[in-house]
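In what follows, a structure is listed as structure tokens, so that the remarks can point back to it.
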Amino acid sequence: MTRGSSYAFYAIGREARPAAEGTRRLRFRRCHWLQDVTRNDLWNKVRWAQVHGVGPGTGGYRLYDGSFFNGYDIPGDVEFDGCAVEHAFNGIHFFNEDLSGDRACDVHVHDCTFSNVRDNPIEPESRARNWWIHHNAFVDCHKWFSLELFRAGHFYIFANTGWFRSAPGAEPDLSGAVFKLLAHEDDIGRYDGPIHVFNNSWCLRSHLFKDGALARLRHHNNAIAFCQYLPGEKPSACGTGKPFGKHKEPRGTGAAPFFTKEWRKLDIAFTNDLVQHEAWPAELRHCGYHRLDGVHGAPMFADPLNGHFELLPDSPCRGAGVRLPVELPDGTVWTPPDHVPFNIGADQDDREVFKELTFRRLADRRGT
């Protein structure tokens, strides 16, 4: 285990050190980083703005503004296998300030756990290609996937689980979200490939998409429970999250208050997500989300507040998955096999479902 510090690992690319332009083929296996050794202050006492040095009384907390891994302008080809990041400000963070098509590519994050991450566990900046994020657990994180991407493509976010145990103590009204996006759809350029988000299982206290936009999103077969609709006594950290932020309010100045409604222009489609929220899907369709093909219902997870997303025997997710094609970076297509049951969400009766869905490099980078 590595303890303390602003960064656990920092990889530098061409701008800071030209000789290191070829930094690639890195593998981090079973690494464990605990940034805040108190396991308390960053999550419960420190305000988000203090870490960014904003305003008076920052108290030296700028030192937390780091990451488990920081890739600054590197080609990529980095794997994170079975790692654990806890009580940290950021997890895996890549910068690509020049929007280069050959930077921040071929990133593989799997079987990792991110817990009490005060900002973002996963954060590619500006432009990234071919990120595979699967079979990970996200517990008590602010905004799980920061995808403020002007250009991107070939993202595969699947078979992950996520839940909460508490809210940030210093800012209890800071709701967070699963996805953080660019504020304005007009800032988005051409996307090189799709963004597939599928077969994940979430239990949320905050929003799924709070506001903003991205392109070529394919969101399908996810199982999502919002905590306010769970049976029994609600935990104190339970919020009033929504699928698409303040979807009923008119667009205001500055950032839109809700997830973009320009689905046709941006090529966005939601298919067969089962969501336990009163607005899903009828109210959202009425508010202008016309390409939303969703299912209203309770996923019936075994014990989601404790990270158990196994489906109960009579769950409506069982056998209800729609077998949609997933376009892969090498030009092939993966579809869930017909010979095994296919459930909505991460829990599958047969692990063979995702057996053939394996990481592969971009076709134009396989020889590098």
Side-chain angles (χ1 to χ4, degrees), residues 143-145 147 149 152 155-158 160 162 175 177-186 188 191 193-229 239-251 255-300 315-317 319-327 335-336 342-346:
K143 290 188 177 178
W144 310 359
F145 305 101
L147 304 182
L149 297 167
F155 272 57
Y156 307 93
I157 302 173
F158 66 96
N160 302 286
S175 60
V178 176
F179 292 92
K180 179 183 180 183
L181 308 175
L182 281 176
H184 303 286
E185 55 258 24
D186 292 340
I188 293 177
Y191 270 41
I195 310 292
H196 278 282
V197 179
F198 59 102
N199 288 99
N200 300 287
S201 292
W202 312 133
C203 179
L204 305 181
R205 59 170 295 276
S206 54
H207 303 306
L208 179 61
F209 293 85
K210 185 177 181 180
D211 51 31
L214 78 169
R216 299 189 66 178
L217 173 64
R218 301 290 183 268
H219 197 278
H220 49 99
N221 291 306
N222 299 285
I224 303 168
F226 284 85
C227 68
Q228 63 265 39
Y229 301 103
T240 56
K242 297 179 175 65
F244 300 152
K246 300 176 181 179
H247 58 269
K248 292 190 285 188
E249 296 187 8
R251 185 185 301 274
F258 46 71
F259 179 49
T260 180
K261 294 179 181 177
E262 298 289 343
W263 285 20
R264 188 173 302 279
K265 170 186 172 182
L266 294 173
D267 191 16
I268 295 172
F270 280 64
T271 306
N272 203 48
D273 297 299
L274 190 146
V275 180
Q276 191 174 7
H277 193 284
E278 62 183 2
W280 189 276
E283 183 178 299
L284 291 166
R285 287 176 183 154
H286 180 73
C287 291
Y289 294 98
H290 301 305
R291 299 181 75 187
L292 171 57
D293 174 20
V295 181
H296 177 81
M300 299 181 66
S315 167
C317 295
V322 173
R323 302 173 196 271
L324 298 176
V326 175
E327 310 93 324
T335 305
F342 185 47
N343 300 334
I344 297 174

Nearest 0.5 angstrom please: L208 CG to I224 CD1, how far?
4.5 Å
Do L217 and F259 have side chains that approach each other closer than 4.5 Å (heavy atoms only, starting at C-beta)?
yes
Do R205 side-chain atoms and C227 backbone N/O form a donor-acceptor pair below 3.5 Å?
no
Closest non-hydrogen atoms of L274 and G297, given as atom of the first, atom of the second and distance, are CD2-O, 3.3 Å
I'd like to know if the side chain of S315 and the backbone of P299 have a donor-acceptor N/O pair within less than 3.5 Å.
yes
Which atom pair, heavy atoms only, marks the closest approach of E327 to P194?
OE1-CG, 3.8 Å
Do you know the tightest heavy-atom contact between N199 and G345?
ND2-O, 3.1 Å
Which atom names give the shortest non-hydrogen contact between G294 and R285, and what distance separates them?
N-NH2, 3.7 Å
First locate atom CD1 of I344, then atom CG of N200, and finally report the distance between them rounded to the nearest 0.5 Å.
12.5 Å
Any idea which heavy atoms bring A177 and S206 closest together, and the distance?
N-OG, 3.8 Å
Working for side-chain contact (heavy atoms from CB on, under 4.5 Å), residues R218 and L324
CA-CA 10 Å; R218 301 290 183 268; L324 298 176; over 6 Å; no
Using a 4.5 Å cut-off on heavy atoms from C-beta on, say whether the side chain of K261 contacts that of H290.
no
Nearest 0.5 Å, what's the CG-CZ distance between L266 and R291?
10.0 Å
Hits for side-chain contact (heavy atoms from CB on, under 4.5 Å) against K242, two or more places apart or cross-chain, chain-then-number order -> H207, H247, H277
Just by modelled atom types, is the A215 backbone N or O under 3.5 Å from a matching donor or acceptor in the D267 side chain?
no
Heavy-atom closest pair (F342 atom, P336 atom, distance to 0.1 Å) is CZ-CG, 3.6 Å
Describe, in one word, how the ring planes of H219 and F209 are oriented to each other, choosing from parallel (under 30°), tilted (30 to 60°) and perpendicular (over 60°).
perpendicular
Using the ring of each side chain (for Trp, its six-membered ring), is F198 parallel, tilted or perpendicular to F158, with breaks at 30° and 60°?
parallel
For a 4.5 angstrom cut-off between non-hydrogen side-chain atoms, does F270 reach N222?
no
Test side-chain contact (heavy atoms from CB on, under 4.5 Å) on L149 and L214 and set out the steps.
CA-CA 7 Å; L149 297 167; L214 78 169; 5.9 Å; no
Does the side chain of L181 reach to within under 4.5 Å of the side chain of T260, using non-hydrogen atoms?
no
Note, L147 side chain near F155 side chain (heavy atom, < 4.5 Å)
yes
So, do V295 and P316 sit near enough that their side-chain heavy atoms are less than 4.5 Å apart?
no
Over 60° means perpendicular and under 30° means parallel, so tell me whether H196 and Y156 are parallel, tilted or perpendicular.
parallel
H220 and V326: CA distance, side-chain angles, deciding distance, side-chain contact (heavy atoms from CB on, under 4.5 Å) verdict:
CA-CA 10 Å; H220 49 99; V326 175; 4.2 Å; yes
For Q276 and Y229, indicate whether the former's side chain and the latter's backbone hold a donor-acceptor pair under 3.5 Å.
yes
With no hydrogens and no angle check, is any side-chain donor or acceptor of H296 less than 3.5 Å from a backbone partner on W280?
yes
Given the rule in the side-chain contact (heavy atoms from CB on, under 4.5 Å) test, do V197 and F145 qualify, once you have shown the distances and angles that lead to the verdict?
CA-CA 11 Å; V197 179; F145 305 101; over 6 Å; no
Heavy-atom check, side chain of I157 versus side chain of W144, under 4.5 Å
no
Side-chain heavy-atom pair R323, N272 within 4.5 angstrom cut-off
no
Roughly how far, to the nearest 0.5 Å, is the SG atom of C287 from the CG atom of L292?
11.0 Å
